[in-house]
Amino acid sequence: MQYDQPVRQVGYAGLGVIGLPMARRILDAGFELHVWNRSADKAAPLVAAGAKLAASPADLARNAQVICVCVTDDAALEQIVFGDNAITCAGRQGLVIADHSTIHPAATRQFAQRVVEAGNAWVDAPVTGGPSGAQQGTLTVFAGGETSDVERVRPVIMSFAKRMTHLGPVGSGQAAKACNQMVSFGTAAVLAEALNLAAKLGLDVAHLPEAMEGGLADSAVLRRYAPMMLSGELTGSALTALKDLEIISDLAAEAAAPIPMTALLTSLHRMLAGQGHHLGGMAGVLRLYREQGLTTRP
């Protein structure tokens, strides 16, 4: 799609723990920001800062050139884009929807096709870096879509990201996010095992992450999740982690790609979810060792 005017008006739907700080950085970058959330009270800080509250996703679409969406799953996304008073109900053309949710690439391609048929464009742009990355503007973004559409949304996305990589057509961003999750979740699981082994060997486990920093084992996962694991203050959702792992399993089956390590990790997260452990996200694997005494708390 060709565009004549630069983006000045941006819509944002989905003001969760990552979406809210992302939207705030868009506003702070000087864009005219319109926001919508199922719970309107979550938009209050943005409205107080100068954003305009939309009555519905359709209302959002009537006042934006680019619409960013960040929700939990494909069902929520479909409702915002195609449901009652949804984005596509506005009758606009020339919009670009940038989806920052993490969903299956197949669903992404289906949604994109419907949006394109209505005269608009779709860029799948899932993010990694967490709420702190959103607040600091250091998120990493994996993008899929037509080059002109990706470049259309780039100035908006770079208000909250340090890197945005265009990896191919629609669906490529979601596929790349799946690969990212494989590495992140796998690293977290091995970290949990290493901390448990260190405790069994009588090491001062609280200082092990510090000792590993700067070496080949150093990583953002180590620095962020080791303190969380050791304190017992796990955050996130085990079910969300499992959702991503199930997407990875499905993609690997479609591609006939062996993933024995990730398959084992998926089974562990299924077990955690079945036991009712809804907190912890990718750090939740540590719960498998909790009864064995891995903690630095008195």
Side-chain angles (χ1 to χ4, degrees), residues 1-15 18-37 43 46-71 77 80-82 85-101 108-109 111-127 134 137 139-174:
M1 190 177 296
Q2 299 299 314
Y3 304 96
D4 298 327
Q5 300 295 324
V7 176
R8 297 306 310 159
Q9 298 172 308
V10 178
Y12 204 106
L15 303 174
I18 294 181
L20 182 62
M22 289 168 66
R24 181 56 186 259
R25 290 197 67 89
I26 293 172
L27 180 63
D28 290 345
F31 292 98
E32 178 184 311
L33 182 66
H34 299 257
V35 296
W36 179 85
N37 194 71
L46 294 172
V47 173
K52 299 178 181 179
L53 182 63
S56 66
D59 187 34
L60 200 67
R62 296 184 187 102
N63 295 285
Q65 298 160 289
V66 167
I67 299 178
C68 299
V69 184
C70 188
V71 291
L77 181 61
I80 288 174
V81 180
F82 303 108
N85 293 316
I87 290 171
T88 52
C89 294
R92 288 282 305 278
Q93 291 190 335
L95 293 172
V96 183
I97 297 175
D99 176 34
H100 304 300
S101 316
T108 289
R109 290 189 288 269
F111 294 161
Q113 182 177 354
R114 295 166 66 182
V115 165
V116 169
E117 289 172 351
N120 299 299
W122 186 283
V123 173
D124 52 306
V127 305
L139 293 176
T140 293
V141 181
F142 311 98
E146 295 293 330
T147 298
S148 60
D149 302 329
V150 172
E151 293 309 310
R152 178 69 163 169
V153 302
R154 188 180 292 275
V156 177
I157 289 177
M158 293 310 294
S159 68
F160 54 74
K162 67 176 180 180
R163 180 181 299 108
M164 172 180 165
T165 306
H166 184 196
L167 292 145
V170 166
S172 300
Q174 296 293 352

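All residue numbers in this chain count up from 1 along the given sequence. Hydrogens, waters and symmetry mates are skipped; everything else that's a heavy atom, side chains included, is used.
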Subject >> Atom pair CG/CG of L95 and D149 - distance to nearest 0.5 Å >> reply: 11.5 Å
Original post:
Pick one: which of I157, V35, V156 meets side-chain contact (heavy atoms from CB on, under 4.5 Å) with C68?
Top reply: V156
Original post:
Of all heavy-atom pairs between A55 and D59, which one has the smallest distance, and what is that distance?
Top reply: N-OD2, 2.9 Å
Original post:
Considering residues at least two apart in sequence or located in another chain, which fulfil the salt bridge (Lys or Arg N to Asp or Glu O under 4.0 Å) criterion with R25?
Top reply: none
**OP:** Keeping the roles fixed (side chain from T140, backbone from R163), state whether a donor-acceptor pair exists under 3.5 Å.
**Re:** no
**OP:** Grab the two heavy atoms, one from A143 and one from M164, that are nearest each other, plus how far apart they are.
**Re:** CB-CE, 3.8 Å
Original post:
So do the side chains of D99 and Q174 get within less than 4.5 Å of each other, counting heavy atoms only?
Top reply: yes
**OP:** List for me each residue that meets ring-ring contact (aromatic ring centres under 6.0 Å, His included) alongside Y3, sequence neighbours excluded, and say none if there are none.
**Re:** none
Original post:
Side-chain contact, heavy-atom cut-off 4.5 Å: R114 with V81?
Top reply: no
**OP:** Determine yes or no for a side-chain-to-main-chain donor-acceptor pair under 3.5 angstrom, with N120 supplying the side chain and V96 the backbone.
**Re:** no
Subject >> N63 atom CG, over 12 foreign heavy atoms within 6.0 Å >> reply: yes
Original post:
Going from CZ on F31 to CD on Q9, what distance comes out if it is rounded to the nearest 0.5 angstrom?
Top reply: 11.5 Å
Original post:
Should we say atom CD of Q5 is surrounded by more than 12 heavy atoms from elsewhere, each under 6.0 Å from it?
Top reply: no
Original post:
Would you say the side-chain atoms of R152 pair up with the backbone N or O of V66, donor to acceptor, closer than 3.5 Å?
Top reply: no
**OP:** Hey, could you give me the CZ/CG distance between F160 and L27, rounded to the nearest 0.5 Å?
**Re:** 13.5 Å
**OP:** Give the C-alpha distance, both sets of side-chain angles, the deciding distance and a yes or no for salt bridge (Lys or Arg N to Asp or Glu O under 4.0 Å) between E151 and R154.
**Re:** CA-CA 5 Å; E151 293 309 310; R154 188 180 292 275; 3.0 Å; yes
**OP:** Can you measure from CZ (R24) to OG (S159) and round to the nearest 0.5 angstrom?
**Re:** 12.5 Å
Subject >> Inter-residue atom distance F111.CZ - T88.OG1, 0.5 Å rounding >> reply: 11.0 Å
Subject >> Over all atoms of both residues, closest heavy-atom pair of A13 and L60 >> reply: CB-CD2, 4.0 Å
**OP:** Output yes when a side-chain donor or acceptor of R62 lies under 3.5 Å from a complementary backbone atom of G91, and no otherwise.
**Re:** no
Subject >> Minimum-distance pair of heavy atoms, taken over all atoms of W122 and V170 >> reply: O-CG2, 3.6 Å
Original post:
Between atom NE2 of H34 and atom NZ of K52, what is the distance when rounded to the nearest 0.5 Å?
Top reply: 5.0 Å
Subject >> Nearest non-hydrogen partners of P57 and W36, listed with the distance >> reply: CD-CE2, 3.6 Å
**OP:** For residues P126 and S101, report the shortest heavy-atom separation together with the two atoms involved.
**Re:** CB-O, 3.5 Å
Subject >> Any donor-acceptor pair under 3.5 Å from T108 side chain to G171 backbone >> reply: no
